[in-house]
Amino acid sequence: MARILITSALPYINGIKHLGNLVGSQLPADLYARYMRGRGHEVMFICATDEHGTPAELAAAKAGKPVADYCAEMHDTQGELARGFRLSFDHYGRSSSPQNHALTQHLAARLGQAGLIEEVTEKQVYSITDARFLPDRYIEGTCPNCGYDRARGDQCENCTKQLDPTDLVNPRSAISGATDLEVRETKHLFLRQSALRDRLDQWIDSQQGWPVLTTSIAKKWLHDGNGLQDRGITRDLDWGVPAQFDGAPWQGMDGKVFYVWFDAPIEYIAATAEWAEAQGLDEAAWRRWWREDEGADDVRYVQFMGKDNVPFHTLSFPATLMGSGEPWKMVDYIKSFNYLNYDGGQFSTSLGRGVFMDQALSILPADYWRWWLLSHAPESSDAEFTWENFQASVNKDLADVLGNLASRVTKFCRSKFGEVVPEGGAYGPREDQLIADLTTRLRAYEAHMEAMEIRKSASELRALWVLGNEYLQDAAPWSTFKTDPEAAAAQIRLALNLIRVYAIVSRPFIPDAAASLMQAMGSDDWSWPEDLGAALATLPAGHAFTVPDVLFAKITDEQRADWETRFAGTR
RNA sequence: GGGCCUGUAGCUCAAUUGGUUAGAGCAGAGCGCUCAUAACGCUUUGGUUGGGGGUUCGAGUCCCUCCGGGCCUACCA
C-alpha cells in the first residue's frame, strides 16, 4: 500500500467556477483520488479556497460585504457545489485559515533568514478615490500605440502591445473610473528566485515523464531572457497574511500582506494541518504527509492544475520550500491541463456564457457532467464543450451502453428467475473468454489510471461496459432459457456479478451511479477485482438483488435546444 | 515581437516516439436479435494525416517553408 498525497489547484474565491475550471484541476484530482482509494492506497486529497488578493477584495466590495464575510460565504457556496459534484476531498480548507497564516509567516521568516528575501522599493500607481494601489491591469486608458481607449496597464488587448501603466494616455482606475491617480513609492519583499535558479533547473531535469506542457512552461521561465526573475511576494492590501509579524527578519512592512500566489500553495500544507485539527489529531498526523524527516519520505505527491498555474507550481512554490532549508515534501508529478472552451469560444463569467457549476447541477446529476468532462479532458490540447457532443456522448455511453445493460440483465432475471441470483448451470468456454477479455481491458484501464491518462482511461472503461453487452448478445439467455434454463441461469448469474464489478471500476468516474448499481446488487463489497474470475463469483446463487431505477435518463432534443439557448450568454 | 502547443474520417480523439495495409467511438449504410432506457450485437462506407518542399530503404512522426487554431510572455489569479 502506497501513500499518495493529492492536491488540486485552489479555486479562487471570487465567484462560482465554470466547467472549464472544474475539469482543469478538481475533477481529475478527484478521479485519481477515488481510484487510488479504490485500489486500497492511503490517500490524502486536499483542496481549499484561495481567498486573498485584489479580486477578492473587489468582489466583496461589489457585494457590499466585509471581505472576511464574503469569503466565508463563498467558501461555503463553493464547498456545497464541490459536494454536489462528489469531489471527495479529505479536507477542503481556506487559505485564510490561522494554520496558513502561521505557516506562511514561518516559511517567509525562514527564507529571510536564508538571505533569500530582498526589500525593494518600487513605484506603483495609487488611486486616491479607491484608496488602494492598483495592479497594472486594473488601470485603463488609451493605448499610445493604436489609440484603443480601453487598453489595460499591462497590455493593450486591441494591438497586443505590452504596456507600462504610465504609458497610457488618460489613465483611469478600472475599478471606479477615477482619474485621480498618482505614482507612489512602496516597499515590498521579493523572493530571490534567481538565486535558486540552478537548483530549480536541476530539480525539474530530475523529474521523469512530466507532461510537456508542464516542463516547457517551467523551462521557459527558467531560461527566458536573463533567466528566472525575482518576484514580489507582498502587496499593499488589507486582506491576507500580514507581512509584518513577531519574529519577522525585516521591519517596515506594516499594513502589507503576502502576495496571494505566495500563500496559496502553502495552503496545501496548511489545509492538511486544518484536516488534522478537524479530525482531532495531533501535529504529527499532518506532518507525516509533508515532512520528509517526519514520515513523508515514502509519500508520492501529485498536483493537478490548469496550465495557467504551472509557473507557480514548478518554480515559485518549489523555491519557497527549497529556500526554507527544511525537508518539506516536494511534488513528484504535476498533471496539467489545457482549457475547455464553450461552443466555439471561451467561457465568460461577465457575459454569462457557458455552464457554471451551480447551473450544471441544477439541470443534470453530477455523474453526467463528470463522465463527459473527464472523458473529454483537455489533456493534449484545448477541448470544446458543445451540447450536441454532450448529448450524444452521455446518451450513448451512460444510458445505452451502461444503464441499459443493468436494466436488461436485472429485468430479464426478475421475469424468469425472480429477484435473486439464479442457481444452476456452469460456466463454459464463452464465460472463460469473457473473463479473459475483461481482464485484459481492466489491466489496461488500471495502467491508464496509474498514468493519469484520463481520456484513455474513460475509453477503456467504456470498452469494459461494451464487453458486457457483447457477452449477453452472444450468450442470448432469453434464447437459452427456452431450451436450457440452467444454462441461462449461469449466464445471468455471471451478468449480475458483472454489474457489481462495473460499479467498482466505474466509481471513480460516476460515483453516484456506481452506488446505485452496488445497492441494487444488494452488496457493499467494493474491493477491487484483482482477480476477475473470483470477483464474478462474489454474489452467490440465492443472493437477493433489486431492479434499479433508470440509471441515466436520456437527454432529449428539446432539453438540448433549451439549454443551448439558455447558456449562450446575454450578448 | 518571442516561446510553446496544436492541425489525422462529417464529429471527438488514437497511433508503442522513424517501421508492414493510419486505428477507435459517435454519426451514416446494411444485416441480425427481441432480454432491455426504440436499447444491444455483427458487417460496412468514409483519410493525398492543413498546403508545398526536403532528409531517409521507409515520414502522421524528423527538417525547411507557408496557412489555420490556441496558450504563455512574470503586477489577475
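All values below come from the heavy atoms of this structure, side chains included, with hydrogens, waters and symmetry mates left out. Just so we're on the same page: letters track the sequence lines, and every chain starts at 1.
- Taking atom OH of A/Tyr12 as the reference point, atom P of B/rA77 lies 6 Å away to the nearest angstrom.
- Here A/Lys456 reaches the OP1 or OP2 of B/rA15: one of its side-chain N or O atoms lies under 4.0 Å away.
- Between the C1' atom of B/rC42 and the CG atom of A/Leu472 lies a distance of 15 Å, rounded to the nearest Å.
- Nucleotides B/rG10 and B/rC57 place their C1' atoms 37 Å apart, quoted to the nearest Å.
- Without hydrogens or angle criteria, A/Arg231 side chain to A/Phe262 main chain gives no donor-acceptor distance under 3.5 Å.
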Table of protein N/O atoms under 3.5 Å from nucleotides 25-30 of chain B N/O atoms:
residue	atom	partner	partner atom	Å
B/rG25	O3'	A/Arg462	NH2	3.4

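- Picking from B/rC13, B/rA77, B/rC75 the nucleotide with the shortest atom distance to the side chain of A/Val260 gives B/rA77.
- For B/rC75, the OP1/OP2 oxygens have a side-chain nitrogen or oxygen of A/Arg231 closer than 4.0 Å.
- In this structure, A/Arg150 has no salt bridge (charged side-chain N to carboxylate O under 4.0 Å, His left out) partners at least two apart in sequence or on a different chain.
- Rounded to an integer number of Å, the gap from A/Asn469 CG to B/rC42 C1' is 13 Å.
- Taking A/His376 as the reference, A/Trp372 meet the ring pair (Phe, Tyr, Trp, His ring centres under 6.0 Å) condition, with sequence neighbours excluded.
- In this structure, A/Glu122 places its CD atom 13 Å from C1' of B/rA74, rounding to the nearest Å.
- Between A/Leu496 and A/Thr410, some side-chain heavy-atom pair lies under the 4.5 Å cut-off.
- Atom CH2 in A/Trp465 sits about 13 Å away from atom P in B/rG41, given to the nearest Å.
- For the pair A/Glu379 CD and B/rA15 P, the interatomic distance rounds to 11 Å; values are reported in whole Å.
- Taking atom CG of residue A/Leu10 and atom P of nucleotide B/rA77, one finds them 14 Å apart after rounding to whole Å.
- If you take CD of A/Glu388 and P of B/rG10, they are 15 Å apart, rounded to a whole angstrom.
- A/Ser380 has a side-chain polar atom (N or O) that falls below the 4.0 Å cut-off from OP1 or OP2 of B/rA14.
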